[in-house]
Student: 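Encoded as structure tokens, here's the structure I'll be asking about.
One is the number of the first residue; the rest follow in order along the sequence.
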Amino acid sequence: IGAMITAYPPKGKTYDVPRYDRLWATAQDLDIPLSLHAETQRFGAGMFDGSDPYPRGIMTLTNMDFIVRSTLTDIILSGLFERYPKLQIGSVEYEVAWAAHFIDRLDYNYMQRTTRHSWHRFSNDALPSDFFHSNVFIGFQEDHLGIRLRDVIGVDNLQWGSDYPHPDGTFPHTQEVLDRLFKDVPEDEKAKIMGGNAA
């Protein structure tokens, strides 16, 4: 499958600044996907700074997709995938159901708020969702709602993983998890999500 690199920008820095061009170009040229891990965090104080008052960081864990949604918005709207069209960036350990709403809101705000904002405009009438579907993949473990929304997110964008040997992974109940998760999924889609897309 190839190596994966986790990119951690300094806090407060965006991913579209020129200092990252060498990383994007090298990853694209070597066909190496980049991973936005659940620890990818560019935003300051609040529930993600370690001050979560709830046991086991439940506020942070419940809202983890905020981090990856903000990061992917930055990456997509900056025009990064127009400059590096073969670059693949993944979101792992955030699960996937959030992506359906994210894709919808990304296109809506791009189309409806253009007169008030000066962000990058895509050529050939492309939408942010086009770049999500062509350049972003999502790794997950046990997101039943995400599987039900796979037609919106994109079957080709989903990659199941067990997260073995981490204690929050599916082992030693992986087969039971897979049986429940993919119970009503057609075989061709199941084959893609469970390994074909990653390969």
Student: For Phe66, does the six-membered ring have the charged nitrogen or CZ of Arg69 within the cation-pi criterion, i.e. under 6.0 angstrom from the centroid and within 45° of the normal?
Tutor: no
Student: When you check the side-chain N and O atoms of Thr170 and Glu142, is any donor under 3.5 Å from an acceptor?
Tutor: no
Student: With heavy-atom distances below 4.5 Å as the criterion, would you say the side chains of Asp31 and Lys86 are in contact?
Tutor: no
Student: Can you tell me how far the CD1 atom of Ile89 sits from the CG atom of Leu80, to the nearest 0.5 Å?
Tutor: 5.5 Å
Student: Under a 4.5 Å cut-off applied to non-hydrogen side-chain atoms, are Val92 and Phe140 in contact?
Tutor: no
Student: Please answer whether the main-chain N or O of Leu34 pairs with a side-chain N or O of Gln88 as donor and acceptor at a distance below 3.5 Å.
Tutor: no
Student: Check Leu87 against Phe81 and note the closest heavy-atom contact, atom names and distance.
Tutor: O-CE2, 3.8 Å
Student: Would you compute the distance between atom CG of Asn135 and atom CD of Gln28 and round it to the nearest 0.5 angstrom?
Tutor: 9.0 Å
Student: On a heavy-atom basis, which atom in Pro128 and which in Leu77 lie closest, and how many Å separate them?
Tutor: CG-CD2, 3.9 Å
Student: Walk me through whether Arg83 and Asp21 qualify under salt bridge (Lys or Arg N to Asp or Glu O under 4.0 Å).
Tutor: CA-CA 10 Å; Arg83 293 189 291 137; Asp21 285 348; 3.0 Å; yes
Student: Within this structure, what is the CD1-NZ distance for the pair Ile147 and Lys183, rounded to the nearest 0.5 Å?
Tutor: 14.5 Å
Student: Could you tell me whether Arg121 sits above the aromatic face of Tyr110, with NZ or CZ closer than 6.0 angstrom to the six-membered ring centre and within 45 degrees of the axis?
Tutor: yes
Student: Go through the steps to decide whether Leu72 and Val136 satisfy the test side-chain contact (heavy atoms from CB on, under 4.5 Å), and finish with yes or no.
Tutor: CA-CA 9 Å; Leu72 285 173; Val136 176; 4.2 Å; yes
Student: Specify the closest pair of heavy atoms between Thr174 and Ser162, including all atoms of both residues, with the distance to one decimal.
Tutor: OG1-CB, 4.5 Å
Student: Measuring from atom CZ of Arg148 to atom CG of Leu181, what distance do you get when rounded to the nearest 0.5 angstrom?
Tutor: 11.0 Å
Student: Would you say the ring centroid of Phe122 lies under 6.0 angstrom from that of Phe131?
Tutor: yes
Student: Has Asp143 got a side-chain atom pairing as donor or acceptor with Glu95's backbone, closer than 3.5 angstrom?
Tutor: no
Student: State, with a plain yes or no, whether a side-chain heavy atom of Gln159 is found less than 4.5 Å away from one of Ile138.
Tutor: no
Student: Same hydrophobic cluster for Tyr108 and Ile76, using side-chain heavy-atom links shorter than 4.5 Å among ILVMFWY?
Tutor: no
Student: With a 4.5 Å limit on heavy-atom distance, are the side chains of Phe171 and Val177 in contact?
Tutor: no
Student: Shortest non-hydrogen contact from Gln141 to Asp168?
Tutor: NE2-O, 3.0 Å
Student: How close do Phe132 and Ile153 get, heavy atom to heavy atom, and via which atoms?
Tutor: CE2-O, 3.8 Å
Student: Arg150 and Glu189: which non-hydrogen atoms are nearest, and at how many Å?
Tutor: NE-OE1, 2.5 Å
Student: Are Leu30 and Thr26 close enough that some pair of their side-chain heavy atoms sits under 4.5 Å apart?
Tutor: yes
Student: Calculate, to the nearest 0.5 Å, the distance between atoms CD and CZ belonging to Gln175 and Arg180 respectively.
Tutor: 11.0 Å
Student: I'd like to know whether Asp156 forms a salt bridge (Lys or Arg N to Asp or Glu O under 4.0 Å) with Lys192, so could you lay out the CA-CA distance, the side-chain angles of the two residues, the decisive distance to 0.1 Å, and finally the verdict.
Tutor: CA-CA 7 Å; Asp156 293 335; Lys192 282 185 174 186; 2.8 Å; yes
Student: Side chains of Tyr84 and Asp29, heavy atoms from C-beta outward: is any pair under 4.5 Å?
Tutor: no
Student: Do Phe182 and Tyr164 share a hydrophobic cluster (ILVMFWY, side-chain heavy atoms under 4.5 Å, transitive)?
Tutor: no
Student: Using a 4.5 Å cut-off on heavy atoms from C-beta on, say whether the side chain of Leu36 contacts that of Ile75.
Tutor: yes
Student: Relative to the ring of Tyr94, is the ring of Trp98 parallel (under 30°), tilted (30 to 60°) or perpendicular (over 60°)?
Tutor: perpendicular
Student: Begin from the C-alpha positions of His166 and Asp163 and carry the test side-chain hydrogen bond (donor to acceptor under 3.5 Å, both in side chains) through to its verdict.
Tutor: CA-CA 6 Å; His166 290 170; Asp163 201 26; 3.1 Å; yes
Student: Is it true that a side-chain atom of Asp130 and a backbone atom of Ala126 form a donor plus acceptor pair closer than 3.5 Å?
Tutor: no
Student: Examine Val152 and Leu106 and state if one hydrophobic cluster contains both, with Ile, Leu, Val, Met, Phe, Trp and Tyr joined whenever side-chain heavy atoms are less than 4.5 Å apart.
Tutor: no
Student: Could you tell me if the side chain of Phe102 sits less than 4.5 Å from the side chain of Asp107, heavy atoms only?
Tutor: no
Student: Is it true that, when you exclude Asp125 itself, more than 12 heavy atoms of the residues, nucleotides or ligands shown sit nearer than 6.0 Å to its CG?
Tutor: no
